[in-house]
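Let me begin by presenting the structure, written as structure tokens, before commenting on it.
By convention in this document, chain letters (A, B, ...) are assigned in the order of the sequence lines, proteins followed by strands, and residues within each chain are numbered from 1. The shown structure was predicted, so the numbers you read here are calculated from the model rather than taken from an experiment.
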Number of protein chains: 2
Amino acid sequence: MEQFSEAQRDAMYANMFALFNQLYPLSPAVLATIRRHTNIVFFKRRSIILEHGKICRNCYFGLKGMVRAYYIKDDGQEITSWFMKEGDIIISVQSFFTQTESHEVLEALDDTLCISLRIDVLEEIYRKFPEFNFVGRKLTEHYYIQMENRAFSLRMDDARQRYDRLVAQHPDIITRVPIGYIASYLGISAETLSRIRSGTY
Amino acid sequence: MEQFSEAQRDAMYANMFALFNQLYPLSPAVLATIRRHTNIVFFKRRSIILEHGKICRNCYFGLKGMVRAYYIKDDGQEITSWFMKEGDIIISVQSFFTQTESHEVLEALDDTLCISLRIDVLEEIYRKFPEFNFVGRKLTEHYYIQMENRAFSLRMDDARQRYDRLVAQHPDIITRVPIGYIASYLGISAETLSRIRSGTY
DNA sequence: CACAAGTCTTGATATATATCAAAAAATTCA
DNA sequence: TGAATTTTTTGATATATATCAAGACTTGTG
């Protein structure tokens with residue numbers, strides 16, 4: 001992999017720390033501990049970050065690149081559950097939070113750069129710096145609300161409305177992700193999404 | 001409403017504290033603070049716990065009774081988002097976590113009894129007892145995973161499979177909730193659910 | 001207890017979206 | 001670059017589920 005200068009690393013961590021500090025102003029001691037016990041990892045385009053059935057033992061902070069999470073149906077069909085990118089926390093929610101075998105696969109859609117934090121290190125940080133639970137709670141709340149919105153759209157909106165909502169809320173996903181993955185995320189076939197986009201529907 | 005003896009209250013709180021302690025062993029000081037700054041509230045069957053457009057300023061712990069959360073579509077149709085009952089935390093997720101006007105309505109389906117905790121009190125507890133963020137984080141994670149499972153079922157399963165999954169995972173909801181509400185939660189019409197249940201599909 | 005109001009079922013038909021198949025376009029890589 | 005592969009589009013047909021309408025149940029209430 002590439003090596004990074006200290007200045008480059010500083011910039012990467014500044015990114016993540018800005019997010020944390022905005023939720024709860026953290027002491028230099030916590031930030032130094034985080035920096036000391038995490039590292040920068042690189043995933044090649046198309047590579048698997050987390051395999052199906054493995055336990056998600058790392059939490060990633062996205063620095064560059066798009067990642068998708070997907071399930072595999074019994075018939076082999078892949079169902080995309082979500083997309084994560086720069087500034088996002090990247091995990092298999094179920095697996096990371098419960099430390100059980102993941103139902104999801106995490107796959108890098110681009111060459112992807114992340115800060116990687118091991119669960120045991122994170123738990124140690126939660127223990128040693130209880131105020132960091134504030135950050136963990138706020139981030140969980142944030143992603144929970146996003147998930148709720150998506151579940152809601154699936155019940156309330158038809159295919160075209162779900163697509164329009166995604167375009168409105170996440171225009172970058174539309175441009176950066178192959179249409180087939182977007183279709184399975186929206187719960188529709190690739191053909192239907194193609195027709196929606198072409199104005200047939 | 002009714003008055004409760006100290007012994008009855010003890011039993012109610014024991015319920016909630018057991019949940020908390022199981023996530024993180026809390027000091028008597030926190031528990032005493034919680035008990036002192038919360039109260040038991042009663043909602044009559046069919047009454048509205050939280051109106052649409054109001055800010056959800058209380059977090060409830062369910063002691064008795066079923067509650068449903070629903071949205072109202074532009075055309076007036078009610079779409080049930082979830083059911084909460086004894087042992088559950090009852091809030092409008094979006095409204096409580098962001099302290100913005102609720103998109104959801106919370107409605108008591110039964111005569112319902114809850115422990116009520118004001119958001120400002122909760123925030124004070126988070127500040128004064130940072131370890132309580134651990135509990136808040138764990139609970140948020142738990143409900144987040146549940147929400148993920150539901151969003152997933154909506155994308156992956158057809159109507160019959162979604163119903164079967166609900167029966168398998170929450171048999172009590174089927175027996176305690178009118179079928180029309182269950183249908184809108186599953187994202188299908190009441191007629192279709194009726195046919196699924198009768199074995200037509 | 002009976003009637004009103006709401007809820008659930010059943011049937012007929014309509015519609016959104018899936019599926020299958022093949023061509024067209026885009027992307028990858030040797 | 002150009003052939004091979006993958007992705008996307010388009011067309012024809014099939015299907016799951018919605019909608020509309022009417023009747024049968026339930027339930028709550030005076």
remark   = Computed from five pairs at either end and rounded to 10 degrees, the angle between the axes of the helix from C/dC1-D/dG30 to C/dA30-D/dT1 is 50°

request  = Classify the nucleic acid contact of B/S198 as base, sugar-phosphate or nothing, counting any heavy atom under 4.0 Å across all strands shown.
outcome  = sugar-phosphate

message = Please tell me whether B/Y181 and B/Y70 form a close aromatic pair, meaning their ring centres lie under 6.0 Å apart.
response = no

query = Side chain of B/D158: nearest nucleotide among D/dT9, D/dT19, D/dT17?
reply = D/dT17

message = Between A/E148 and A/R155 (salt bridge meaning N to carboxylate O under 4.0 Å), is one present in this structure?
response = no

task = Measure from CD on B/E191 to P on C/dA14 and round the result to the nearest Å.
result = 16 Å

remark   = Among D/dT17, D/dT19, D/dT9, the one nearest any side-chain atom of B/S189 is D/dT19

task = Indicate, yes or no, whether a donor-acceptor pair under 3.5 Å links the base of D/dT15 to the side chain of B/R160.
result = no

query = For D/dT9, does either OP1 or OP2 sit under 4.0 Å from a side-chain N or O belonging to A/S194?
reply = yes

task = Verify whether one side chain among A/N133 and B/R137 offers a donor that lies under 3.5 Å from an acceptor in the other.
result = yes

ask   = Which residue, A/I196 or A/R45, contacts DNA chain C at a nucleotide closer to its 5' end, judged by nearest heavy atom?
value = A/I196

request  = Describe, in one word, how the ring planes of B/Y185 and B/W82 are oriented to each other, choosing from parallel (under 30°), tilted (30 to 60°) and perpendicular (over 60°).
outcome  = tilted

